[in-house]
Amino acid sequence: MIIIYDFDGTLTPYSLPQYKILKQCGYTDESLMNRVNEEMNKKIDGSFYDAYYKCYQKILAENEIAMTRDNVCIGAKSIEFNNGVEEYFDKFQNSKTGIKHYIITSGIKDYVDETKIRKYVDDVYGVTFKYKNEVMKDIDVLVTDEKKVDIIKSIQNKNNQMGQIMYFGDGMTDKFAFEYIHSIGGKNVFIISNNKSIENFKTLNSNGIIDECFEADFDNDSKINKYIQTQIFKEKNK
C-alpha cells in the first residue's frame, strides 16, 4: 500500500509553510500573503507559487541573508505537527507494515527533509532550486497543484503501481490530486483542521471524490489510525 500526503495543513496545523527565516525578517502569514498578491498582480497570468518564491528570494536579499540550505532550513527540526503525527509514522512505518509513505509539498523539499518525520518517509517531493556556490538561485522544480498529479504518477511507476494508493490532503490545492486518485480507484482522505477546510471539503466532495474525512488527529486511538489499520487488513486479505 502507498500513502501520499500533502504537508502543510495536512500533517501540520498551518495552511502555509512556517519558514522561520521569513519570520525573522518580520513577516507574518498575512503580511507575506499581501506581498505575494502584489507580486501576482504585476502579471495578468501571475502564478501564486511563482510569485511566492520570488517574494521569498527578494525578502532574503533585502535583509542581506544568503539563500543557503542552512538558512532556508532554520526551524525545520522544531516544526509543529498535528496531534500524534510522529507516533503515527512510527507505528505505520514501512519496515513494520510494508506501507510506503510519500510527501508531496509545494513547500521547499530541503526544509521538509530536515523535519523530525523525514526518517519515516520513503521520499519527499517539493520545490527545489539550482545552486551556485552553495547558494540557491533559480527554481529547478516548482510543485504546483497540477504538478502533484505528475509526481503521483511517477510514484506509481516507481512502485509498479503495486497495491492500493491513498492520498491525504486538506484543501483546494489538493483538488487535482484528489481527482486523479479517484479516477484510478484509489482512496482519498480529507483532513479537517478549521472552518475553512470544512467549506473546502464540501466543495471538493460535491462530486463524491473524497472517501473519508477526519479531524486532524493522528493519535493512536484516532479515527485515522483505525482507518489505516482496517485498510492494512483488507489489503492483506485480498
Side-chain angles (χ1 to χ4, degrees), residues 5-83 85 103-117 124 126-129 136 139 141-148 168-178 190-204 213 215-217:
Y5 309 82
D6 172 53
F7 189 72
D8 296 295
T10 298
L11 299 177
T12 77
Y14 309 104
S15 57
L16 290 171
Q18 298 297 297
Y19 297 127
K20 191 171 182 179
I21 195 70
L22 296 183
K23 307 293 184 185
Q24 290 177 348
C25 292
Y27 278 82
T28 63
D29 286 353
E30 183 179 3
S31 60
L32 177 61
M33 285 303 96
N34 287 338
R35 181 157 182 177
V36 171
N37 287 329
E38 289 175 4
E39 185 72 31
M40 285 178 65
N41 291 335
K42 292 178 181 179
K43 296 181 180 179
I44 296 176
D45 59 346
S47 158
F48 171 79
Y49 296 110
D50 185 57
Y52 182 94
Y53 287 106
K54 280 185 178 177
C55 289
Y56 186 108
Q57 290 173 297
K58 286 180 179 179
I59 290 168
L60 265 61
E62 290 163 2
N63 287 271
E64 299 182 345
I65 298 172
M67 198 167 163
T68 62
R69 190 179 190 282
D70 285 346
N71 284 339
V72 166
C73 294
I74 290 174
K77 294 186 186 300
S78 59
I79 191 73
E80 181 182 353
F81 289 99
N82 284 325
N83 183 48
V85 163
I103 290 173
I104 302 178
T105 176
S106 294
I108 299 173
K109 171 178 165 56
D110 284 341
Y111 186 85
V112 178
D113 278 338
E114 288 297 313
T115 62
K116 289 180 285 187
I117 64 169
V124 170
V127 176
T128 58
F129 294 82
M136 296 180 185
I139 290 175
V141 175
L142 186 65
V143 180
T144 62
D145 302 345
E146 296 92 336
K147 179 70 175 175
K148 288 181 179 180
F168 280 57
D170 70 294
M172 298 306 295
T173 57
D174 300 299
K175 176 177 180 289
F176 294 102
F178 280 139
F190 192 94
I191 302 299
I192 288 181
S193 56
N194 53 45
N195 291 333
K196 179 64 176 176
S197 61
I198 294 174
E199 295 174 17
N200 290 337
F201 166 70
K202 291 178 180 178
T203 301
L204 285 167
C213 177
E215 297 289 334
D217 182 7

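- In this structure, CD1 on I192 lies 3.0 Å from SG on C213, to the nearest 0.5 angstrom.
- E39 contributes atom CD, which lies 9.5 Å from atom CG of N41 (distance to the nearest 0.5 angstrom).
- Between S47 and M40, the closest heavy-atom pair is O-CG, 3.9 Å.
- The shortest distance between side-chain heavy atoms of V72 and F129 does not fall below 4.5 Å.
- Taking D70 as the reference, T68 meet the side-chain contact (heavy atoms from CB on, under 4.5 Å) condition, with sequence neighbours excluded.
- Scanning for side-chain contact (heavy atoms from CB on, under 4.5 Å) contacts around T28 gives E30, S31, with sequence neighbours left out.
- Legend: residues meeting side chain to side chain donor-acceptor pair (under 3.5 Å) with K202, ordered by chain and number and at least two apart, are absent.
- Residues forming a side chain to side chain donor-acceptor pair (under 3.5 Å) with N200 (at least two apart in sequence, or on another chain): none.
- Looking at N71, its side chain never comes within 3.5 Å of a backbone N or O of M67 through a donor-acceptor pair.
- Closest heavy-atom contact between G107 and P17: CA-CG, 4.5 Å.
- Partners of E64 by salt bridge (Lys or Arg N to Asp or Glu O under 4.0 Å), not counting sequence neighbours: none found.
- The two atoms that bring F81 and V85 nearest to each other are CB-CB, 3.8 Å, heavy atoms only.
- With sequence neighbours excluded, the residues that form a side-chain contact (heavy atoms from CB on, under 4.5 Å) with T10 are D6, F168, D170, I191.
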message = Using side-chain contact (heavy atoms from CB on, under 4.5 Å), reason through Y49 and D145 one step at a time and then give a plain yes or no.
response = CA-CA 9 Å; Y49 296 110; D145 302 345; 2.5 Å; yes
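- Closest of all the heavy-atom pairs between T203 and M172 is CG2-CE, 4.1 Å.
- A search for salt bridge (Lys or Arg N to Asp or Glu O under 4.0 Å) contacts involving K54 returns D50, not counting sequence neighbours.
- In this structure, S106 contributes its side chain and V143 its backbone to a donor-acceptor pair below 3.5 Å.
- Checking side-chain atoms of D174 against main-chain N and O of G171 turns up a donor-acceptor pair under 3.5 Å.
- At distances below 3.5 Å, at least one donor-acceptor pair connects side-chain atoms of Q18 with backbone N or O atoms of L16.
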key: Worked check of side-chain contact (heavy atoms from CB on, under 4.5 Å) between L22 and L60   = CA-CA 8 Å; L22 296 183; L60 265 61; 3.7 Å; yes
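- Note on residues 7-18: no pairs pass salt bridge (charged side-chain N to carboxylate O under 4.0 Å, His left out), not counting sequence neighbours.
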ask   = Can you list the steps and then say if M136 with Y56 is a side-chain contact (heavy atoms from CB on, under 4.5 Å)?
value = CA-CA 11 Å; M136 296 180 185; Y56 186 108; over 6 Å; no
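- K175 meets the side chain to side chain donor-acceptor pair (under 3.5 Å) test with E179; sequence neighbours excluded.
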key: Candidate pair I117 and I103, rule side-chain contact (heavy atoms from CB on, under 4.5 Å), full reasoning   = CA-CA 10 Å; I117 64 169; I103 290 173; 4.0 Å; yes
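- With rounding to the nearest 0.5 Å, the separation of NZ in K148 from OG1 in T105 is 7.0 Å.
- Distance check, rounded to the nearest 0.5 Å: CZ of F190 to CD of E215 gives 11.0 Å.
- Listed by chain and residue number, Q24, I74 satisfy the side-chain contact (heavy atoms from CB on, under 4.5 Å) test with K20 (two or more places apart in sequence, or in another chain).
- Aromatic ring orientation, Y19 versus Y111: perpendicular (interplanar angle above 60°, classes split at 30° and 60°).
- Considering OH of Y27 and CD1 of I21, their distance stands at 13.0 Å, rounded to 0.5 Å.
- Every residue was checked against the side chain to side chain donor-acceptor pair (under 3.5 Å) condition with T12, not counting sequence neighbours, and none meets it.
- Between I59 and R35, the shortest heavy-atom distance links the atoms CG1-NH1, 3.6 Å.
- Partners of D110 by salt bridge (Lys or Arg N to Asp or Glu O under 4.0 Å), not counting sequence neighbours, listed by chain and number: R69.
- Between the CG atom of D29 and the NZ atom of K23 there is a distance of 4.0 Å, given to the nearest 0.5 Å.
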